[in-house]
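Here's the structure we're looking at; comments come further down.
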Amino acid sequence: MTEASAAALVDWFRANCRELSMRTPHPRDPYPVLVSEVMAQQTQIDRVVPAFDRFMELFPDAGSLAAAPEDEVLQAWSGLGYYRRARLLHTAVRAVVAAGEWPRTRAELARLPGLGPYTSAAVAAFCFGGDDPPVDGNVERVTARVLGLDLSLASGPLRRAADAFARDLWRAHPGPEVFEAVMELGATVCTPSAPRCPECPLAPGCQALRRGTPGLFPRPRPQRATEDRRWVCLWLPRDDGRVLLRRVADGTLLAGLWLPPLADAGVARNEDAARRLAVEAGVAGPLVAAPPVRHSITHRRITVVPFVASTATPMAHERAANWSWEDPAAPAVATSSLLAKLRRACADVSTLPRP
DNA sequence: AACCCGGGGAC
DNA sequence: GTCCCAGGGTT
């Protein structure tokens with residue numbers, strides 16, 4: 001990597017970087033940087049921005065986040081996915097507040113829960129002058145293409161090569177700006193498919209472009225087999241429009257979130273599995289199937305079949321801690337985007353015979 | 001090193 | 001339909 005390349009990259013970045021609400025002058029405040037970097041883990045920036053703005057309004061500083069109960073934090077995270085990130089961020093910020101100061105080096109930051117190699121390097125570089133490069137998927141992809149490395153994303157060799165590549169950039173142009181510039185390049189120009197090479201400041205030295213096949217780098221990862229699952233769910237609306245939600249058990253998908261009673265149907269018939277849920281919820285009477293809902297969680301394709309019931313029967317579990325009546329359009333608890341899908345699917349099944 | 005976890009946008 | 005994303009934790 002020549003100094004000319006680093007200079008061209010930074011010039012391109014200054015002319016083309018997107019206006020993002022978490023981009024503020026250096027040195028930056030570590031709290032919003034940490035929040036946005038954790039949100040950005042495996043999540044595209046365009047989806048992070050609105051969530052970040054909401055989150056910062058609810059929890060404007062480390063003290064307010066540390067003081068908040070976990071369920072409020074998860075509620076603010078609803079729909080973002082990877083909910084463990086929210087719990088770990090909460091724990092990390094509580095540790096910082098308890099310590100009374102922020103760790104300033106990458107190694108110290110990496111001891112906080114939820115901060116791995118990428119996030120610890122990012123906070124150190126953007127807030128405290130660190131020179132260890134934050135290596136994310138963008139940096140790995142740009143590196144694989146510029147150097148023509150036939151390696152898989154997230155593999156050890158490509159991570160090390162990307163780390164060395166970013167260190168060279170930093171040496172040619174010291175400061176955190178080059179790190180942001182590579183990531184922005186990967187996000188907007190050196191994209192996974194259909195890269196816009198004519199716009200790329202690194203095109204003159206790019207090996208993948210020289211070979212005419214930039215899209216073949218990095219090597220595609222072996223795909224995990226997708227697995228189909230069938231769930232049933234009990235949609236139980238009350239007269240005021242609220243529906244019954246249950247806290248999803250730990251150790252399962254969507255653990256800790258609030259959703260209508262759900263069960264994997266396994267080999268059972270949908271109706272039988274739904275009836276079991278109705279018994280658990282303390283309701284009898286007719287169950288009306290609503291249109292199935294598709295929901296994907298990593299390599300699983302889940303078909304959720306909602307069954308709509310009525311609330312005529314007294315609720316045995318009404319006062320239990322794991323049950324709650326919530327407005328499905330604006331739940332006051334942590335939930336998944338699956339709730340919104342179920343609400344739409346069940347909206348048409350509103351006229352139910354009363355037992 | 002391999003696998004686990006949400007969700008949606010891009011294609 | 002497919003892939004992948006400003007990843008980290010666990011095994």
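Just so it is clear, the structure is predicted and the values come from calculations on it, not from any experiment. Residue numbers begin at 1 in each chain, while the letters A, B, ... track the order of the sequences.
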With a cut-off of less than 4.0 Å, is there a side-chain N or O of A:R300 near OP1 or OP2 of B:dC5?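 The answer is yes; a side-chain N or O of A:R300 sits under 4.0 Å from OP1 or OP2.
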
Should A:Q223 be listed as having a side-chain N or O under 4.0 Å from OP1 or OP2 of C:dC3?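 The answer is yes; a side-chain N or O of A:Q223 sits under 4.0 Å from OP1 or OP2.
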
Distance check, [atom1] atoms only: [N] and [M], in whole angstrom units.
{"N": "C:dT10", "M": "B:dG6", "atom1": "P", "value": "15 Å"}
{"N": "B:dC4", "M": "C:dA6", "atom1": "P", "value": "23 Å"}
{"N": "B:dC3", "M": "C:dC3", "atom1": "P", "value": "16 Å"}

Of the options [options], whose atoms approach the side-chain atoms of [X] most closely?
{"X": "A:K341", "options": "B:dG8, B:dC5, C:dA6", "value": "B:dG8"}
{"X": "A:Q41", "options": "B:dG6, C:dG8, C:dA6", "value": "C:dG8"}
{"X": "A:H299", "options": "C:dA6, C:dG9, B:dC4", "value": "B:dC4"}
{"X": "A:L20", "options": "C:dG8, C:dA6, C:dG1", "value": "C:dA6"}
{"X": "A:Q44", "options": "C:dG1, C:dC4, B:dG6", "value": "C:dC4"}
{"X": "A:R301", "options": "C:dT2, B:dG6, B:dC5", "value": "C:dT2"}

Which part of the nucleic acid, if any, lies within contact of [X], taking any heavy atom under 4.0 Å across all strands shown: a base, the sugar-phosphate backbone alone, or nothing?
{"X": "A:P117", "answer": "sugar-phosphate"}
{"X": "A:S155", "answer": "nothing"}
{"X": "A:R159", "answer": "nothing"}
{"X": "A:G156", "answer": "sugar-phosphate"}
{"X": "A:T191", "answer": "nothing"}
{"X": "A:S337", "answer": "sugar-phosphate"}
{"X": "A:S193", "answer": "sugar-phosphate"}

Closest-nucleotide mapping onto DNA chain C: is A:R219 or A:G137 further toward the 5' terminus? I mean the 5' end.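 Looking at DNA chain C, the more 5' nearest nucleotide goes with A:R219.
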
Residues clustered with A:L88, ILVMFWY side-chain links under 4.5 angstrom: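 Answer for A:L88: none, a lone residue.
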
I need the CD1-P distance between A:I45 and B:dA10, as an integer number of Å.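 Roughly 14 Å, once rounded to whole Å.
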
Would you jot down, in residue-number order, the residues of residues 103-116 of chain A having a non-hydrogen atom under 4.0 Å from DNA chain C?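 Listed by number, they are A:P113, A:G114, A:L115, A:G116.
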
